[in-house]
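Below is one structure, written out as structure tokens; the observations come after it.
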Amino acid sequence: MSRTQLNLIAAACENMGIGINGTLPWKLKKEMAYFTTMTTSVSDKKKVNAVIMGRRTWDCIPIKYRPLSNRINIVLTHNVDYVKKQVPEGVIVVPGLDEAIDHIDSRSDIESTWVIGGSSIYKAAMEHPNCGKIYLTEIQKSFDCDTFFPDINKQRFHLVNEEEVPGEKQSEGDINYYYRIYKRL
Ligand code: FOL
């Protein structure tokens, strides 16, 4: 029996866009700091968190920031042998979500697991029995996007108010957003 719970984290705009031309459509410094804090924070100082991402999301992270520091980086690709040669030592390369979960289950030093995109990985994670919560930043503006966050099935996921994230409207420049959490029923 797998003990790994998948938490999704994403920022999406009004049209549910999450990316354009292999990058983020916006530059939101505090929102990115929230991503870093949420994916890095542990309650047991002896442990670390894991981040699971698709190969294109790996490519979208600036070279100076990858692998994402203080987190176990797991990259999903159908081309494991090729991608393994392209990423630094220590990065885990696996063909799918189930293999990523098996890897995490096999070790005792991982506290929580964050699925950080993109579209197809979010969709697979949302449909996976191990899916727990979705941490979605809802940006109150439309951006030109070519990749989108998959539909959240509101029958299976409901909006919750958790103490762990600020509930009030956030603002950076002329952009407003909210930190939302959806929990699986
Ligand atoms: N979730 C949320 N809430 N916001 C995001 O921007 C986001 N982005 C991704 C996945 N989930 C998200 C995927 N894209 C970095 C860059 C792109 C990216 C994810 C992470 C990155 O470079 N992160 C660094 C900090 C960079 C900085 O401070 O500018 C890190 O250490 O986390």
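Note that the numbering runs from 1 along the sequence shown for the chain. All values reported here derive from a predicted model rather than from experimental measurement. In listed order, ligands and their atoms are each counted from 1.
Neither the backbone nor the side chain of M53 comes within contact range of ligand 1; no heavy atom lies under 4.0 Å. The proximity of A11 to ligand 1, defined as any non-hydrogen pair under 4.0 Å, involves the side chain as well as the backbone. If you look at P62 next to ligand 1, the close heavy atoms, those under 4.0 Å, all belong to the side chain.
Ligand 1 has no atom lying under 4.0 Å from any heavy atom of G117. At a 4.0 Å cut-off, not a single heavy atom of F149 sits close enough to ligand 1 to count as contact. Using a 4.0 angstrom heavy-atom cutoff, R71 counts as in contact with ligand 1.
Shortest contact from atom 15 (C) of ligand 1 to any protein heavy atom: M32 CE, 3.7 Å. The nearest heavy-atom contact from the protein to atom 20 (C) of ligand 1 is F35 CE2, 3.5 Å. From the protein, the heavy atom lying nearest to atom 8 (N) of ligand 1 is L24 CD2, 4.1 Å. Of all protein heavy atoms, the one lying nearest to atom 3 (N) of ligand 1 is E31 OE2, 2.7 Å. For atom 9 (C) of ligand 1, the nearest non-hydrogen atom of the protein is I116 O, 3.9 Å. Scanning the protein for heavy atoms near atom 21 (C) of ligand 1, the closest one is L68 CD2, 3.9 Å. For atom 25 (C) of ligand 1, the nearest non-hydrogen atom of the protein is T36 OG1, 3.7 Å.
Near A10, with a cut-off below 4.0 Å to any heavy atom, the atoms of ligand 1 are 1 (N), 2 (C), 3 (N), 11 (N), 12 (C). Proximity to Y122 (heavy-atom distance under 4.0 Å) selects the following atoms of ligand 1: 10 (C), 11 (N). Within ligand 1, the atoms closer than 4.0 Å to a non-hydrogen atom of Y65 are 22 (O), 26 (C), 27 (C), 29 (O), numbered from 1 in the order shown. If you number the atoms of ligand 1 from 1 as listed, the ones under 4.0 Å from a heavy atom of T137 come out as 3 (N).
Not a single donor-acceptor pair under 3.5 Å links the side chain of S69 to the backbone N or O of R66.
D109 has a carboxylate O that lies under 4.0 Å from a charged side-chain N of R107, or vice versa, which qualifies the two as a salt bridge. Between K30 and E172 there is no salt bridge, since no side-chain N of the basic residue sits under 4.0 Å from a carboxylate O of the acidic one.
Not one N or O of W26 is nearer than 3.5 Å to an N or O of ligand 1, by distance alone. At a 3.5 angstrom cut-off on N or O pairs, I9 counts as close to ligand 1. The shortest N or O to N or O distance between S69 and ligand 1 is not under 3.5 Å.
Residues L185 and L159 do not share a hydrophobic cluster, clusters being chains of Ile/Leu/Val/Met/Phe/Trp/Tyr side chains in contact below 4.5 Å. Grouping the Ile, Leu, Val, Met, Phe, Trp and Tyr side chains by contacts below 4.5 angstrom, directly or via other members, places L6 apart from I116. Following chains of ILVMFWY side-chain contacts shorter than 4.5 Å, one can reach I92 starting from I104, so the two form part of one hydrophobic cluster.
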- Task: Verify ring pair (Phe, Tyr, Trp, His ring centres under 6.0 Å) between W114 and Y135, making sure each step is shown before the conclusion.
- Result: CA-CA 10 Å; W114 295 89; Y135 290 73; 4.9 Å; yes
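No option in F157, Y122, Y182 other than Y122 meets the side chain to side chain contact (heavy atoms under 4.5 Å, CB included) test with L8.
Neither side chain, T39 nor N49, offers a donor N or O lying under 3.5 Å from an acceptor on the other. With 3.5 Å as the limit, one finds a donor-acceptor pair spanning the side chains of S2 and D105.
Within the 4.5 Å cutoff, the side chain of W58 has heavy atoms near those of the V91 side chain. Side chains of I181 and V165 form a contact here, defined as non-hydrogen atoms less than 4.5 Å apart.
Nearest-heavy-atom check against atom 14 (N) of ligand 1 across C60, A12, A33, P67 picks out C60.
Under the 30°/60° scheme for interplanar angles, the aromatic rings of Y179 and Y34 are found to lie parallel.
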